[in-house]
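Working notes, beginning with the structure itself.
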Number of protein chains: 2
Amino acid sequence: MSSSRQESLIDRCKQHGLRITGQRRVILEVLDASDDHPDVEELHRRVSAIEPGVNIATVYRTMNKLAEQGLIERHQFDDGRLRYEPAPEEHHDHFINVETGEVIEFRSDEIEDLQEEIARKYGFEIVSHKLELYVRRRKGH
Amino acid sequence: MSSSRQESLIDRCKQHGLRITGQRRVILEVLDASDDHPDVEELHRRVSAIEPGVNIATVYRTMNKLAEQGLIERHQFDDGRLRYEPAPEEHHDHFINVETGEVIEFRSDEIEDLQEEIARKYGFEIVSHKLELYVRRRKGH
DNA sequence: ATACTTGCAAAAAGTTTGCAGGTCG
DNA sequence: CGACCTGCAAACTTTTTGCAAGTAT
């Protein structure tokens with residue numbers, strides 16, 4: 001399981017007034033158990049392994065509802081498909097290993113601060129941001 | 001016109017061995033005159049204003065060819081559509097004004113350096129990166 | 001009870017491709 | 001002339017939607 005979060009997605013959904021159906025229960029369980037950034041097709045695959053018969057449209061609709069409530073985060077890396085992760089406590093950015101497709105999370109307060117500073121300099125305030133570093137493992141470490 | 005580049009896209013295409021057809025001439029002219037980050041539909045609209053009858057598939061194919069040669073840069077912001085800009089001399093990042101959709105370019109050496117440093121710390125080298133700041137104008141400037 | 005969810009199939013939106021004809025170099 | 005490019009229509013991929021039936025609260 002991934003989340004360092006204490007509270008399950010199911011509980012958070014209830015708090016947000018979303019109904020917990022059989023399908024949603026499975027989807028949320030899959031999300032809670034995910035350490036990566038699956039796309040809808042992959043989510044559907046994982047859900048189907050537990051409980052066949054859940055339509056992919058249901059997965060799409062559920063993910064949209066969750067994103068609407070801020071319970072998950074939506075990403076779109078360079079492959080063009082939508083990917084999701086349970087909303088983290090604290091913002092982080094991503095390495096994408098271009099050789100393996102692997103996604104690794106990281107956080108840098110210096111970068112966060114620098115972004116704020118630059119935005120301020122231009123007369124903006126940041127609503128959200130996205131930093132993706134497409135990387136390769138260094139040779140001879 | 002946007003580009004601080006001295007050389008026209010047409011010349012650079014020739015150097016790369018791409019044939020200059022009537023359609024391409026117009027598309028390249030439009031790109032050279034663009035200061036923004038148009039999507040394919042918008043490009044097609046601008047091209048059609050100069051020379052009606054150019055098919056949108058041709059625009060798609062041309063953009064793919066240009067991107068292949070590194071003559072333009074492809075972006076995908078949160079609206080999901082592919083956007084393009086003539087390849088800049090020097091890398092830059094983007095503000096996206098969430099209220100107007102406007103895209104503004106900026107560059108920060110501090111951020112570039114910090115990214116390198118972080119990647120190195122994790123044992124990666126950066127192949128490319130993408131930083132998008134979704135922003136709003138500050139009230140009371 | 002009733003507002004919210006689901007499955008299914010159809011539609012949308014964005015992009016790519018096969019093919020026959022046309023053009024650049 | 002030959003390789004490359006174009007228009008057109010059809011195909012593809014990913015995501016959304018209408019509707020009738022089912023379910024959580």
Side-chain angles (χ1 to χ4, degrees), chain A residues 9-31 37-48 50-69 71-84 101, chain B residues 9-31 37-48 50-69 71-84 101:
Chain A
L9 264 177
I10 291 192
D11 290 338
R12 307 189 72 221
C13 280
K14 284 180 184 160
Q15 287 165 24
H16 282 254
L18 297 183
R19 292 191 177 172
I20 306 303
T21 65
Q23 293 90 326
R24 283 194 183 164
R25 195 181 305 279
V26 180
I27 293 171
L28 296 171
E29 182 184 319
V30 164
L31 280 171
H37 300 68
D39 60 25
V40 174
E41 204 183 326
E42 174 61 24
L43 282 171
H44 184 236
R45 198 175 298 126
R46 295 181 193 176
V47 166
S48 299
I50 299 176
E51 168 90 10
V54 177
N55 197 283
I56 197 165
T58 299
V59 180
Y60 273 108
R61 277 189 281 227
T62 301
M63 298 318 277
N64 283 343
K65 270 269 188 285
L66 295 178
E68 225 170 72
Q69 300 291 328
L71 300 177
I72 58 174
E73 242 175 44
R74 206 199 284 256
H75 299 291
Q76 193 162 32
F77 302 136
D78 272 356
D79 68 354
R81 274 177 294 188
L82 295 173
R83 298 171 172 278
Y84 301 91
Chain B
L9 264 176
I10 291 192
D11 291 337
R12 307 190 71 220
C13 280
K14 284 180 184 160
Q15 288 165 23
H16 283 255
L18 296 183
R19 291 193 177 171
I20 306 303
T21 65
Q23 293 90 325
R24 283 193 182 166
R25 196 181 305 279
V26 180
I27 293 171
L28 296 170
E29 183 183 318
V30 165
L31 280 171
H37 300 69
D39 59 27
V40 173
E41 204 182 327
E42 175 61 25
L43 282 170
H44 185 237
R45 199 176 297 126
R46 293 181 194 177
V47 166
S48 299
I50 299 175
E51 168 90 9
V54 177
N55 196 282
I56 197 166
T58 299
V59 181
Y60 273 109
R61 276 190 280 227
T62 301
M63 298 318 277
N64 283 344
K65 270 267 188 280
L66 296 178
E68 225 169 73
Q69 300 292 329
L71 300 176
I72 58 174
E73 241 176 44
R74 205 200 285 256
H75 298 290
Q76 193 163 33
F77 302 135
D78 272 355
D79 68 354
R81 274 178 293 190
L82 295 173
R83 297 170 173 279
Y84 301 90

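The chains referred to below are lettered A, B, ... by the order of the sequence lines, with proteins before strands, and numbering in each begins at 1. Hydrogens, waters and symmetry mates play no part in the numbers below; they use all other heavy atoms, side chains included.
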What is the distance, rounded to the nearest whole Å, between atom CD of B/E68 and atom C1' of D/dC4?
-> 13 Å
5'-most contact on DNA chain D: B/L18 or A/R74, nearest heavy atom basis?
-> B/L18
Kindly say whether A/R19 contributes a backbone atom to a donor-acceptor pair with the side chain of A/R24 at under 3.5 angstrom?
-> yes
Hey, does the side chain of A/T58 reach the backbone of A/V54 with a donor-acceptor pair shorter than 3.5 angstrom?
-> no
Under 4.0 Å between any heavy atoms, over every strand shown, what does A/N64 touch: base, sugar-phosphate, or nothing? Just pick one.
-> sugar-phosphate
Measure the OH-NE2 distance between A/Y60 and A/H44 for me, rounded to the nearest 0.5 Å.
-> 10.5 Å
OP1 or OP2 of D/dT6 sitting under 4.0 Å from any side-chain N/O of B/T21?
-> yes
OP1 or OP2 of D/dG7 under 4.0 Å from side-chain N/O of B/Q23 | yes
Nucleotide of C/dG25, D/dT14, C/dT6 approaching A/Y60 most closely (side-chain heavy atoms) | D/dT14
Given D/dA3, is OP1 or OP2 found less than 4.0 Å from the side-chain N or O atoms of B/R19?
-> no
Send over the distance from B/F77 CZ to C/dG14 P, rounded to a whole Å.
-> 17 Å
Are OP1 or OP2 of D/dT14 and a side-chain N or O of A/Q76 less than 4.0 angstrom apart?
-> no
Counting distance only, does the side-chain N/O of A/R83 pair as donor-acceptor with the main-chain N or O of A/H75 below 3.5 Å?
-> no
How long is the line joining CD of B/Q15 and C1' of C/dG25, in whole Å?
-> 17 Å
The single option from A/I50, A/V30, A/I20, A/L9 passing side chain to side chain contact (heavy atoms under 4.5 Å, CB included) against A/R25 = A/I20
Hey, does the side chain of B/N55 come within less than 4.0 Å of D/dC8's phosphate (OP1/OP2), counting only N and O?
-> yes
B/L82 near the nucleic acid: base, sugar-phosphate alone, or nothing, with a heavy-atom cut-off under 4.0 Å?
-> sugar-phosphate
Could you check whether B/K14 gets within reach of a base, just the sugar-phosphate, or nothing at all, counting any heavy atom under 4.0 Å?
-> nothing
Describe the nucleic acid contact of B/R61 in one word from base, sugar-phosphate, nothing, applying a heavy-atom distance below 4.0 Å.
-> base
Nearest to side-chain heavy atoms of A/E41, which nucleotide of C/dT6, D/dT14, C/dT17 = D/dT14
Rounded to the nearest angstrom, tell me the gap between atom NE2 in A/H44 and atom P in C/dG7.
-> 8 Å
Looking for any heavy atom pair under 4.0 Å, which part of the strands does B/I20 touch: base, sugar-phosphate only, or nothing?
-> sugar-phosphate
Round to a whole Å and report the spacing from NE2 of B/H16 to C1' of C/dC24.
-> 19 Å
Whole-Å distance between C/dT15 C1' and A/D78 CG?
-> 16 Å
Return the value, rounded to whole Å, for the distance between atom CD1 of A/I56 and atom C1' of D/dT17.
-> 15 Å
In whole Å, what is the span from the CZ atom of A/R45 to the P atom of D/dT14?
-> 11 Å
Classify the nucleic acid contact of B/R81 as base, sugar-phosphate or nothing, counting any heavy atom under 4.0 Å across all strands shown.
-> sugar-phosphate
Identify whether any heavy atom of B/G53 sits under 4.0 Å from a base atom; if not, whether one sits that close to sugar-phosphate; answer base, sugar-phosphate or nothing.
-> sugar-phosphate
Should the pair B/E41-B/R45 be classified as a salt bridge under the 4.0 Å nitrogen-to-oxygen rule?
-> yes
